[in-house]
Amino acid sequence: MDAAALRSALLAWYDVQARTLPWRVGPHERAPGVKPDPYRVWLSEVMLQQTTVPHAAPYFLEFTHRWPTVSDLAAAPDAEVMAAWAGLGYYARARNLLACARAVAAEHGGVFPDTEAGLLALPGVGPYTAAAVAAIAFDRPANVVDGNVERVTARLFAVEEPLPAAKPQLKALAGGLVRDGRPGDWAQALMDLGAVICKPKTPLCERCPVAAHCAALRTGAPEAYPRRSAKARRPHRYGIAYVLTRGEEVALVRRPPEGLLGGMLALPTSDWREAPWSLAEALAAAPAPADWREVGEVEHGFTHFTLSLRLLRAEGEGELAFHPRAALQGLPSVFLKAARAGLNGLI
DNA sequence: GAATCGTGGCT
DNA sequence: TAGCCAAGATT
């Protein structure tokens, strides 16, 4: 492995092919020494955890418009931030985002730590995000390893060990390519390469700037890397969601602060269990006595199970908090989907 | 190490 | 259609 030639080829490609993204310094402002705002780097990295660029981008624009600095975000009410995050998923990120912003504001004078170790101590900032912010915002030669870097590295070195067991080996191999020069560009070049060229299913090796250095390409089946262990099948669960309206308003509940969809505004629901619910059971579990009618069902896939949610609707009162329909925009997608279906009276 | 934790686009 | 997958962190 000629690390110097590989680095030179990839950085040259990045200089020309870098994607223009909302959290990056614009192409006309790019120059040695010009670094992006750490707040924007951190915010983008948290939003991008397990999330695609097209999905995260509009949220980034909305957040930076509403809360231009980390201190602005730290001062925002929980409910506003959680509602603004709705639809982005992995809601622990939003809770940790606020905790982190408040820690930076209260304990660091509104200034992000400029070392990997300092960043790693913040809520919601793990090994990847600490390394990414240190490299991109603070020019630290950190080893930034995400799913892209794992895939690119597994292919460059034709690593036979399957994921996730291969993670330490891949991280060590990736670390062997990090240098003091242009650490932020290096990290982003690897990730851009993974996203645009070295794609999971169909790598575009004929357009790859480092094909000459790729051991997986020489095997004839680069798409077979990284190897992966077989995954467990997702179980199915069943639940009831209750759409209780009072005129133009809808009853909503705040979910407990931990666990699935924690801290988010939601429709009242039954438990989600492995056996389907009978109508009698569904009525017995209702959050308020009312003339409940079954009006539909929605399917929703979570990371580790799929959910069938039967929809019961009624008009009436109850010891519940009623919200205008506009508040539905602040619900997680599963409940927005269920509420729309229930209110439209599908079936 | 293994589980938990969302969503939407792609194949 | 039904998985597969994405700039992971936390417990």
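Since this is a predicted model, take the numbers as computed values, not measurements. Proteins come first, then strands; the chains are lettered A, B, ... in the order of their sequence lines, and each starts at number 1.
- A salt bridge between A:Asp185 and A:Arg30 is absent, with no side-chain N of the basic residue lying under 4.0 Å from a carboxylate O of the acidic one.
- Contact check, A:Ser333 against B:dG8: a side-chain N or O comes under 4.0 Å of OP1 or OP2.
- A straight line from CG of A:Leu97 to C1' of C:dA9 spans 13 Å, rounded to a whole angstrom.
- If you measure from atom NZ of A:Lys167 to atom P of C:dA9, you get 10 Å, rounded to the nearest angstrom.
- Following rounding to the nearest Å, A:Glu150 (CD) and C:dG8 (P) show an atom-to-atom distance of 9 Å.
- A donor-acceptor contact shorter than 3.5 Å links the side chain of A:Thr219 to the backbone of A:Ala216.
- Side-chain atoms of A:Thr51 stay outside donor-acceptor range of the base of B:dG8, with no qualifying N/O pair under 3.5 Å.
- Heavy atoms of A:Val144 sit nowhere under 4.0 angstrom from any nucleic acid atom.
- If you measure from atom CG of A:Leu260 to atom P of B:dA3, you get 17 Å, rounded to the nearest angstrom.
- Comparing the P positions of C:dA9 and B:dG8 gives an interatomic distance of 22 Å, to the nearest angstrom.
- Atom-to-atom, CZ of A:Arg95 to C1' of B:dC5 comes out at 9 Å; the value is rounded to the nearest Å.
- The side chain of A:Thr202 places no N or O atom within less than 4.0 Å of a non-bridging phosphate oxygen (OP1 or OP2) of B:dT11.
- For the pair A:Trp292 (side chain) and A:Ala288 (backbone), a donor-acceptor distance under 3.5 Å is present.
- Atom CZ in A:Arg237 sits roughly 13 Å away from atom P in B:dA3 (whole-Å rounding).
- A straight line from CZ of A:Arg234 to C1' of C:dC5 spans 11 Å, rounded to a whole angstrom.
- For the pair A:Arg7 and A:Trp186, the distance from NZ or CZ to the six-membered ring centre is under 6.0 Å and the angle to the ring normal is within 45 degrees.
- Side chain of A:Arg228 to main chain of A:Tyr225: no donor-acceptor pair is present (N/O by atom type, distance under 3.5 Å, no hydrogens or angles).
- Residue A:Gln50 places at least one side-chain N or O closer than 4.0 Å to OP1 or OP2 of C:dG8.
- Heavy-atom distances to DNA chain B give each of A:Leu261 and A:Ala165 a nearest nucleotide, and the one nearer the 5′ end belongs to A:Ala165.
- If you find the closest nucleotide of DNA chain C to A:Lys201 and to A:Gly124, the one lying nearer the 5' end belongs to A:Lys201.
- Ring geometry, A:Trp42 versus A:Tyr39: the interplanar angle falls from 30° to 60°, so the pair is classed tilted.
- Within the 4.0 angstrom heavy-atom criterion, no nucleotide atom of any strand lies near A:Gly194.
- Nucleic acid contact for A:Gly262: none, since no nucleic acid atom lies under 4.0 Å from a heavy atom of the residue.
- Within the nucleic acid shown, A:Leu88 comes within 4.0 Å of at least one base atom, counting heavy atoms only.
- For A:Asp146, counting side-chain heavy atoms from C-beta on, the closest listed nucleotide (B:dT7, C:dG8, C:dC5) is C:dG8.
- Heavy atoms of A:Val125 sit under 4.0 angstrom from primed sugar atoms or phosphate atoms, though from no base atom.
- The side chain of A:His304 places an N or O atom within less than 4.0 Å of a non-bridging phosphate oxygen (OP1 or OP2) of B:dC5.
- For the OP1/OP2 pair of B:dT7 and a distance below 4.0 Å, the side-chain nitrogens and oxygens of A:His300 include at least one atom meeting the criterion.
- At the heavy-atom level, A:Thr129 lies under 4.0 Å from the strands shown only through sugar-phosphate atoms.
- In summary, A:Arg254 and A:Asp78 do not engage in a salt bridge, as defined by a charged side-chain N under 4.0 Å from a carboxylate O.
- Within the nucleic acid shown, A:Trp23 comes within 4.0 Å of at least one base atom, counting heavy atoms only.
- Atom CD in A:Gln49 sits about 16 Å away from atom P in B:dT7, given to the nearest Å.
- Comparing A:Thr52 and A:Gly259 by the nucleotide of DNA chain B whose heavy atom lies nearest to each, the residue mapping closer to the 5' end is A:Gly259.
- The residue A:Pro332 sits close only to the backbone: its heavy atoms come under 4.0 Å of sugar-phosphate atoms, none of a base.
- A:Leu21 comes within 4.0 angstrom of a base, heavy atoms only.
- Considering only side-chain N and O atoms, A:Tyr90 lies nowhere under 4.0 angstrom from the phosphate OP1 or OP2 of B:dT4.
- Within 4.0 Å of A:Pro127, counting heavy atoms only, lie sugar-phosphate atoms of the nucleic acid but no base atom.
- At least one side-chain nitrogen or oxygen of A:Arg151 sits closer than 4.0 Å to the OP1 or OP2 atom of C:dA6.
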